[in-house]
Amino acid sequence: AITAGDSWRDKTTELPKKMSGTSTNNSSAPLPPPPPQPAAGVLTYDNYIRVPDLLSLQNGGPVKNRIHEHDEMYFVVAHQLFELKFKLALHDMRKVIEEMKEQLHSAPAANAAQRFSHIPLTKWQDWHTKLSRASSVLNSTTTEFDLLSRMSTSAFLEIRDHFGNASGFQSAQWRELEILLGLKDHIRYNRSKEQPYHTALEHIPENVHRLHQLEQSSTLLDTITSLLH
């Protein structure tokens, strides 16, 4: 006779088999088919923002094939975020400078009041949006400083030798931001009074040349001042 206990035991032994995809006669359930791969040329999230390429950039530099210490990943990603945010801010600032110069050339009015009347309100609103956005992006870099502040002194010393002479002073985008915002060379603080700021960038001559050109062109401050006077 089959008791209630026997029935319960039968059901409990069946449960794991059903959960694992097998039945009491040891027949295997077919595996689900793999997800279809996107056809060539079809846009996906990964290939639109190039996720694989982006996630492959944390290898510690061209002369090393991997991150050496656990906290080095935070250090590298934090500085990559700095550079990406600098790129965003510069993207908006350059556009505003370009459009303001176009307005100055197309409406060489005698005074600021005439320029204001010539430039559509929607254009002023668009410039305000872009510059506010650039400001927000730069303000958000405090997040990266917070990440770095959570690295202990000993953890930093463990990775310091891995990047040799590399330094934040070599960030060309940061120097470009300084110039576009109106920082003049004669009031710039230099680490060494004998060497100008671009000495730290001379390992990439193209960067030095670009910054020199920027110093000779109108900055965001210059352009806004021209519109208001």
With sequence neighbours left out, write down each residue that passes side-chain contact (heavy atoms from CB on, under 4.5 Å) with Ser56, or none if nothing qualifies.
none
Could you give the distance from CG (Leu131) to CG (Asp126), rounded to the nearest 0.5 Å?
9.5 Å
Please name the pair of heavy atoms, one in Leu220 and one in Ile97, separated by the smallest distance, quoted to 0.1 Å.
N-CD1, 3.6 Å
Quick one: which residue pairs count as a ring-ring contact (aromatic ring centres under 6.0 Å, His included) with a foot in residues 133-154, not counting sequence neighbours?
Phe82-Phe145
Do you know the tightest heavy-atom contact between Leu54 and Gln58?
O-NE2, 3.2 Å
Look at the aromatic rings of Phe75 and His79 and report parallel, tilted or perpendicular, splitting at 30° and 60°.
tilted
Hey, is CG on Asp53 packed in by over 12 heavy atoms from elsewhere, all under 6.0 Å?
yes
Is there a continuous path of hydrophobic side-chain contacts, each under 4.5 Å between heavy atoms, that joins Leu104 to Leu121?
no
By ring pair (Phe, Tyr, Trp, His ring centres under 6.0 Å) - contacts of His212 (at least two apart)
His198
Rest of the hydrophobic cluster containing Leu55 (Ile/Leu/Val/Met/Phe/Trp/Tyr, side-chain heavy atoms under 4.5 Å)?
Leu43, Tyr45, Tyr48, Ile49, Val51
Can you name the closest pair of heavy atoms from Leu177 and Ala89 and give their distance?
CD2-CB, 4.1 Å
Could you tell me which non-hydrogen atom of Val42 sits nearest to which non-hydrogen atom of Asn47, and how far apart they are?
O-ND2, 3.1 Å
Residues passing the side-chain hydrogen bond (donor to acceptor under 3.5 Å, both in side chains) test with His91, sequence neighbours excluded, are none
Out of curiosity, Met151 CE to His70 NE2, how far, rounded to the nearest 0.5 Å?
9.5 Å
Could you note down all residue pairs passing salt bridge (Lys or Arg N to Asp or Glu O under 4.0 Å) where residues 202-216 supplies at least one of them, sequence neighbours left out?
Glu176-Arg210
Could you grab the distance from atom OG of Ser106 to atom CD1 of Ile119, nearest 0.5 Å is fine?
7.5 Å
Check whether any side-chain heavy atom of Glu178 lies under 4.5 Å from a side-chain heavy atom of Arg175, and answer yes or no.
yes
What pair of heavy atoms forms the shortest contact from Ala78 to Glu144, and how long is it?
O-CG, 3.3 Å
Using a strict 4.0 Å threshold on nitrogen-to-oxygen distance, state whether Lys130 and Glu99 make a salt bridge.
no
Is it possible for you to say whether Trp124 and Val96 belong to one hydrophobic cluster, with membership spreading through side-chain heavy-atom contacts below 4.5 Å?
yes
Given a cutoff of under 4.5 Å between side-chain heavy atoms of I, L, V, M, F, W and Y, with clusters grown through shared members, what are the other residues clustered with Val137?
Leu88
Heavy-atom count check: over 12 atoms from other residues, nucleotides or ligands less than 6.0 Å from Arg160 CZ?
yes
With Glu98 via side-chain contact (heavy atoms from CB on, under 4.5 Å) - residues at least two apart
Lys95, Glu102
Can you list the residues that meet the ring pair (Phe, Tyr, Trp, His ring centres under 6.0 Å) rule with Phe86, with sequence neighbours excluded?
Trp174
With a 4.5 Å cut-off on side-chain heavy atoms, are Thr143 and Leu81 touching?
no
Under the side-chain contact (heavy atoms from CB on, under 4.5 Å) test, residues paired with Lys87 that sit two or more places apart:
Gln173
4.5 Å side-chain heavy-atom contact, Ser226 and Met100
no
So, Thr225 side chain and Leu221 main chain: donor-acceptor pair closer than 3.5 Å or not?
yes
Are the side chain of Ser171 and the backbone N or O of Gly168 linked by a donor-acceptor pair below 3.5 Å?
no
What's the separation between atom NE2 in His128 and atom OG in Ser135, rounded to the nearest 0.5 Å?
9.5 Å
Check for me, please, whether Leu147 and Ile159 land in the same ILVMFWY cluster - side-chain distances under 4.5 Å, paths through other members count.
no
Would a hydrophobic clustering, with Ile, Leu, Val, Met, Phe, Trp and Tyr connected at side-chain separations under 4.5 Å, put Leu148 with Phe156?
yes
Can you see which heavy atom on Ile179 is nearest to which on Thr219, and at what distance?
O-CG2, 3.0 Å
Are Leu228 and Trp127 joined in one hydrophobic group, where the rule is that I, L, V, M, F, W and Y side chains link up if heavy atoms are under 4.5 Å apart?
yes
Considering only residues two or more places apart or on different chains, which pairs with a residue in residues 217-228 satisfy salt bridge (Lys or Arg N to Asp or Glu O under 4.0 Å)?
Lys184-Asp222
Donor-acceptor check, side chain of Gln170 to backbone of Ser167, threshold 3.5 angstrom: yes or no?
yes
Can any side-chain N or O of Gln103 pair as donor or acceptor with the backbone N or O of Leu227 at less than 3.5 Å?
no
My understanding is that only residues two or more places apart in sequence, or in another chain, count here; which of them pass side-chain contact (heavy atoms from CB on, under 4.5 Å) with Thr129?
none
